[in-house]
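These numbers come from a predicted model, not from an experiment.
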Amino acid sequence: GRGFAFRRKQKIERQYRKLLKKRRQVHSQQDDQFADTYPEHLKHLYLAEEEKLKKRRRTPEDSVSSEEKLNKAADVSRTCTFSPRSVGTQEKFKNKTSNQKAKEEYEKIKAEHARKKEEAEKRKQQREEAQRLYKKKKMEAFKILSKKTKKGQPNLNLQVEFLLQKIQQNT
């Protein structure tokens with residue numbers, strides 16, 4: 001088989017790979033420390049919201065010339081005591097966050113399910129009522145048609161009367 005030298009070589013390679021992996025993790029943590037990280041499955045929502053906010057910040061300034069922008073920015077930085085970030089957060093509070101949107105969507109779905117459940121319950125009750133009426137009618141017809149004379153013969157007079165009633169109801 002393979003000797004002790006081969007196993008030693010494999011062990012050293014494993015340790016080296018571990019070391020490289022640790023170094024990569026340390027570098028990636030330092031790089032990502034100041035960057036926004038979003039969960040992969042929600043990333044598109046956050047990025048879309050970020051774009052929307054950027055567009056809203058740009059729209060009032062688009063009509064103003066670049067020189068006026070610089071002058072206004074200088075004036076604002078001198079006169080304002082609050083940070084520019086607080087403006088962004090106020091805008092965020094005006095707009096719905098993804099969590100609020102998700103809650104609203106959940107409420108809509110819940111209401112829709114409740115409405116469907118009520119409709120299904122109504123249909124079920126109507127069906128049961130119709131079945132009950134059908135069985136009642138069927139039972140009455142069966143009683144009339146199954147009547148016998150004293151001698152045990154079927155009562156044809158009742159049967160003919162039943163058929164006559166049926167024809168009159170249909171016309």
Side-chain angles (χ1 to χ4, degrees), residues 14 17-146 162-163 165-171:
R14 248 184 269 122
R17 277 190 234 112
K18 269 189 194 177
L19 185 68
L20 286 178
K21 198 173 183 182
K22 280 183 184 178
R23 283 185 184 170
R24 266 188 252 133
Q25 285 176 353
V26 168
H27 288 302
S28 65
Q29 286 174 354
Q30 288 172 353
D31 295 342
D32 294 341
Q33 191 173 13
F34 300 108
D36 291 335
T37 54
Y38 305 118
E40 219 29 63
H41 65 288
L42 296 174
K43 196 171 198 171
H44 65 283
L45 295 173
Y46 285 108
L47 294 176
E49 196 170 319
E50 212 171 277
E51 283 296 316
K52 219 188 291 181
L53 288 173
K54 284 180 184 176
K55 284 179 184 177
R56 285 209 179 125
R57 287 183 195 141
R58 288 180 196 158
T59 50
E61 298 172 1
D62 288 342
S63 60
V64 183
S65 69
S66 60
E67 291 176 13
E68 291 175 12
K69 285 182 192 178
L70 291 172
N71 292 338
K72 279 189 176 183
D75 292 340
V76 168
S77 63
R78 290 181 204 136
T79 57
C80 292
T81 55
F82 60 89
S83 67
R85 266 198 168 174
S86 63
V87 174
T89 55
Q90 286 173 355
E91 286 179 11
K92 270 190 182 179
F93 287 124
K94 287 179 191 174
N95 301 327
K96 293 177 183 172
T97 62
S98 57
N99 189 25
Q100 289 171 331
K101 288 177 189 174
K103 279 183 181 179
E104 281 184 4
E105 189 68 27
Y106 172 74
E107 292 299 325
K108 283 181 189 176
I109 291 170
K110 200 173 180 182
E112 183 70 21
H113 282 302
R115 187 180 60 78
K116 283 183 180 179
K117 198 172 185 179
E118 286 176 16
E119 288 176 3
E121 189 66 33
K122 285 180 185 177
R123 283 197 305 270
K124 186 179 177 185
Q125 287 176 353
Q126 289 173 348
R127 195 181 326 113
E128 287 174 353
E129 183 68 22
Q131 282 179 343
R132 193 177 55 76
L133 288 173
Y134 174 78
K135 284 183 181 179
K136 183 180 176 185
K137 198 174 182 182
K138 197 84 161 154
M139 196 64 187
E140 289 173 1
F142 176 75
K143 282 182 182 176
I144 291 171
L145 294 174
S146 66
F162 176 73
L163 290 173
Q165 285 175 358
K166 207 174 192 181
I167 292 169
Q168 286 174 348
Q169 283 175 358
N170 289 341
T171 57

Give, for atom CZ of Arg14 and atom CZ of Arg17, the distance between the pair rounded to the nearest 0.5 Å.
7.5 Å

Could you give the distance from CG (Leu20) to NZ (Lys18), rounded to the nearest 0.5 Å?
13.0 Å

List for me each residue that meets side chain to side chain donor-acceptor pair (under 3.5 Å) alongside Gln165, sequence neighbours excluded, and say none if there are none.
none

Using modelled atom types and a 3.5 Å cut-off, is there a donor and acceptor pairing between side-chain atoms of Gln100 and backbone atoms of Thr97?
yes

Can I get a per-line list of side-chain donor-acceptor pairs under 3.5 Å for residues 116-130, giving both atom names and the distance, sequence neighbours left out?
{"from": "Glu119", "atom 1": "OE2", "to": "Arg115", "atom 2": "NH1", "distance (Å)": "2.6"}
{"from": "Glu129", "atom 1": "OE1", "to": "Arg132", "atom 2": "NH2", "distance (Å)": "3.1"}
{"from": "Glu129", "atom 1": "OE2", "to": "Arg132", "atom 2": "NH2", "distance (Å)": "2.4"}

Which pairs with one or both residues in residues 100-110 pass salt bridge (charged side-chain N to carboxylate O under 4.0 Å, His left out), sequence neighbours excluded?
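The answer is Lys96-Glu104.
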
Just grab all the salt bridge (charged side-chain N to carboxylate O under 4.0 Å, His left out) pairs involving residues 134-146, residues at least two apart or on different chains.
none

With Lys54, which of Arg56, Lys52, Glu50 fulfils side chain to side chain contact (heavy atoms under 4.5 Å, CB included)?
Glu50

List for me each residue that meets side chain to side chain contact (heavy atoms under 4.5 Å, CB included) alongside Leu145, sequence neighbours excluded, and say none if there are none.
Gln159, Phe162

